[in-house]
Amino acid sequence: MQATLTAIAIGTLAALGYAVSCAVWPFARCWVCDGKAHHTPKGNTRISRPCRWCKATGRRLRLGRRVWNRIRVAHHNGTR
Ligand SMILES: [Zn+2]
C-alpha cells in the first residue's frame with residue numbers, strides 16, 4: 001500500500017512538473033529539422049527546404065501545451 005501511494009505521489013509530481021514546464025516553455029525545438037527551420041532530405045544534403053512540420057519556425061508546440069489549448073477551447077465553447 002505504501003508503495004502504491006509513493007508511486008501515485010511520484011506520478012502526480014511528474015505530471016505537475018510537466019504541466020508547469022509546458023506553461024513556462026510552450027515551445028520545444030522541432031525534432032524534424034532540429035530547430036534549423038529547414039530540413040534536408042536523406043541522401044541529398046544540397047537541397048534544403050522549409051520544414052513543413054514546424055512551418056519553418058524551427059519550433060513546435062509541445063504536446064502538453066496542445067492538450068492544454070484544446071481543453072481551454074473546449075471550456076470556452078462550453079461556457080458560451
Ligand atoms: Zn521543423
Side-chain angles (χ1 to χ4, degrees):
M1 194 58 193
Q2 189 66 42
T4 313
L5 281 177
T6 308
I8 290 171
I10 290 171
T12 308
L13 275 177
L16 263 176
Y18 182 69
V20 168
S21 82
C22 279
V24 177
W25 301 285
F27 290 101
R29 200 169 60 177
C30 176
W31 53 270
V32 174
C33 60
D34 203 27
K36 291 191 279 286
H38 289 266
H39 95 119
T40 48
K42 276 199 177 80
N44 194 343
T45 51
R46 295 180 65 186
I47 296 175
S48 174
R49 48 180 71 157
C51 177
R52 278 190 296 176
W53 184 258
C54 60
K55 298 188 179 75
T57 59
R59 299 182 305 173
R60 63 178 179 82
L61 210 53
R62 293 173 71 186
L63 180 69
R65 185 66 175 210
R66 277 220 302 266
V67 170
W68 169 246
N69 283 349
R70 181 164 292 194
I71 290 170
R72 220 174 40 176
V73 167
H75 182 73
H76 181 76
N77 290 340
T79 52
R80 240 190 326 201

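Model, not experiment: these values are computed from the prediction. Ligands are counted one by one from 1 in listed order, and the atoms in each one are counted from 1 as well.
Tally of protein N, O or S atoms closer to the Zn ion (ligand 1) than 2.8 Å: 4.
For the salt bridge (charged side-chain N to carboxylate O under 4.0 Å, His left out) condition, the pairs that include at least one residue of residues 9-36, sequence neighbours left out, are R29-D34, D34-K36. Applying the side chain to side chain donor-acceptor pair (under 3.5 Å) definition to pairs two or more places apart or across chains, those involving residues 10-22 are S21-R62.
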Taking it one step at a time, do R49 and H39 satisfy side-chain contact (heavy atoms from CB on, under 4.5 Å)? CA-CA 6 Å; R49 48 180 71 157; H39 95 119; 4.3 Å; yes
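Atom-to-atom distance recorded for F27:CZ and R65:CZ is 8.0 Å, nearest 0.5 angstrom.
In this structure, L63 and R66 have side chains that are in contact, with non-hydrogen atoms separated by less than 4.5 Å.
A search for side-chain contact (heavy atoms from CB on, under 4.5 Å) contacts involving W53 returns C30, W31, V32, C51, R60, not counting sequence neighbours.
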